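In the text below, chain A, chain B and the rest are named by the order of the sequence lines, each starting its count at 1. Just so it is clear, the structure is predicted and the values come from calculations on it, not from any experiment.
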Amino acid sequence: MRRFPSVTLHPAGDQALLVEFSGEVSPLLSSRIQSLANWFAHFVGAGVYECIPGFKTLYIEYDPMVYTFSVLQTVVHQGLQEAQGIHAHASKVIFIPVCYNPELAPDLNDVAKLNELTVEDVIRLHSQPQYYVYFTGFLPNFPFLKGMPQEIATPRLARPRVLVPGGSVGIAGEQTGFYPVDSPGGWRIVGRIPVRMYDRRLEQPFFVQQGDWLQFFPVSRQEYEDLQALDATSPYEFRRNAL
Amino acid sequence: MTLRVIGPGLQSSIQDLGRRGFQRFGLSVSGAADKYALRFGNLLLGNPLNAAAIETTLFGLELEALDDCAVAVTGGDLGLQIDHNPASTWRVLQLQMGQRLRFGGGPKGCRAYVCVQGGIDVPMQYGSRSTDALVGLGGIDGRVLHAGDVISTNFHLTTRWHSGPPLERRLVNPRFVPQYVKEQTLHVILGPQETAFTPEAIATLLASQYRVSPDSNRIGCHLEGPLLQHKSGADILSECIPEGAVQVPSAGKPLILLAGRRGIGGYTKIATVAGIDIPKVAQSRPGDWLSFEAVSVEQAQSWWLEQEHFFQSAEAIMATK
């Protein structure tokens, strides 16, 4: 039988409870967190607004008119018992085009220099792995990923930029990811996605989900322009492989 | 019932009680920073308590009534005027066509809410009319207010107050109007990461006064004062951040997150402000002093329930014909 690792429950103010799981951050732990979130979605109705996963946590936002903190604690323990048979949702690999051209990637040369690599090495290392989506949040489709090669880890910029264009792909320490919309930010920008990563023309605009895997693939400057033009007329269809 | 924005003032935006249920998809909760004031404004006008209103900061907002309309301004005393004459807050005001409502700057509080009869009519997106300007949702075209914007209302939604005092005589009992003093004590529930701090840091937080910095906005209230030391590092794995979280980055200066925050962050949170005290943070202006007192989650929840029961019964009474 699958066992849940032990958990610690913390109040996060008077309207949220944070379930902290012990053990290493891993896709397995993440699917357990997702199982508990799914249990809440299926079996707990009014009184819980939303369950938001983190790398090692599940944040449960609730209405104290329905649950007090102590009652919700017993509900969480029940959920941990019963969620063991619940599967996380089916995941997929999403292939994302990235143009690693210094004109669109202002920090690409610095990332190479600071790591004593060539620009080609950085592109190869960055676009090689499939990255696991631990959770999303912060901005629509913003993925919290792990698994970037150590060789290209680079500290954040000392002074964040006031405006990073949407679609910019960045590195922050050992993390990688992208900005789905224009926003301020301090990540080192190493590439740009030619198509909208938050597209309100879509019926289901939140297409990057916990449990998915992302694979970046390099495209030329010309392909970047072409894809951008195509995306302007109709939403780009990402290649997706079911797992 | 229509208003035109003559001057947008500072950080003026359309907000309701917020967009819940989409944080895991990256949508911020948004909503009014001071939900107590917003709810009272809506209550006065017979609106649903989550009706959308204009939230404005400190001074500068100027609106013109394009036809006769009933409004209620709640929140801080930001020098409200109608056609350059001082006007009262926390009561219903009848604006005649062509009259101008303006915030000239006032002595107390930081944010005011211009509630209109029926609530502001902008499209509901993901369950809310609240503006999230970074993502471009809610409000007018997903942005803060600009001069020239025309704001119309959902007059048909006003279904309450069929009896009782006539609209123009309604006001909030002064007992329920907050004082917005320059020094406030906030009740906090320690955690969720209180164990990441030294015992001295927790003692310092609970024994010191912190001054509100001019960098503050509706995302967060930045504080100046004794620094808070972490045991070993200020960073945690990113996770969801509650409204009222007292976050402490490595420099040691606390920051209280408000309604405009993004939902995920990676800094340790030493404590979280009790729900009933979040409006005090939202109304503190640069230069004000805040101090902290720890309470149990049970205590904070019992205060919250008392307030919720109050709003529920007030709403029920006013809905009675």
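Both the backbone and the side chain of A:Leu139 come within contact range of chain B, judged by heavy atoms closer than 4.5 Å. Interface remark: A:Phe69 contributes backbone and side-chain atoms alike to the contact with chain B (heavy atom separation under 4.5 Å). Contact of A:Val208 with chain B is not made at all, since no heavy-atom distance falls under 4.5 Å. Contacts of A:Glu20 with chain B are absent, with no heavy-atom separation under 4.5 Å from either backbone or side chain. In this structure, chain B has heavy atoms under 4.5 Å from both the backbone and the side chain of A:Ser183. The part of A:Pro205 that comes within reach of chain B is its side chain, from C-beta onward, which places non-hydrogen atoms under 4.5 angstrom from that chain. Heavy atoms of A:Phe138 lying under 4.5 Å from chain B belong to its backbone as well as its side chain.
The CD atom of B:Glu308 lies 7.0 Å from the CG atom of A:Asp63; values are rounded to the nearest 0.5 Å.
By the 4.5 Å heavy-atom criterion applied to side chains, A:Pro64 and B:Leu305 are counted as neighbours.
Proximity to chain A among residues 12-35 of chain B is limited to B:Arg20, B:Gly21, B:Phe22, B:Gln23, B:Arg24, B:Phe25, B:Gly26, B:Leu27, judged by heavy-atom separations below 4.5 angstrom. Applying a 4.5 Å heavy-atom cutoff, the residues of residues 230-255 of chain B that approach chain A are B:Leu237, B:Ser238, B:Glu239, B:Cys240, B:Ile241, B:Pro242. Contacts between residues 45-56 of chain A and chain B, defined by a heavy-atom separation under 4.5 Å, are made by A:Tyr49, A:Glu50, A:Cys51, A:Ile52, A:Pro53, A:Gly54, A:Phe55, A:Lys56.
Residue pairs meeting the side chain to side chain donor-acceptor pair (under 3.5 Å) criterion with at least one member in residues 146-156 of chain A, sequence neighbours excluded: A:Asn115-A:Thr154, A:Gln150-A:Glu174.
Looking at A:Asp14, its side chain does come within 3.5 Å of a backbone N or O of B:Gly275 through a donor-acceptor pair.
Of all non-hydrogen atoms in B:Gln301 and A:Thr68, the two that sit nearest each other are OE1-CA, 3.5 Å.
Between chain A and the options B:Ser302, B:Gly265, B:Ala274, heavy-atom pairs under 4.5 Å are most frequent for B:Ala274.
When the options A:Phe142, A:Phe135, A:Tyr59 are evaluated for a side-chain contact (heavy atoms from CB on, under 4.5 Å) with B:Ile264, the one that passes is A:Phe135.
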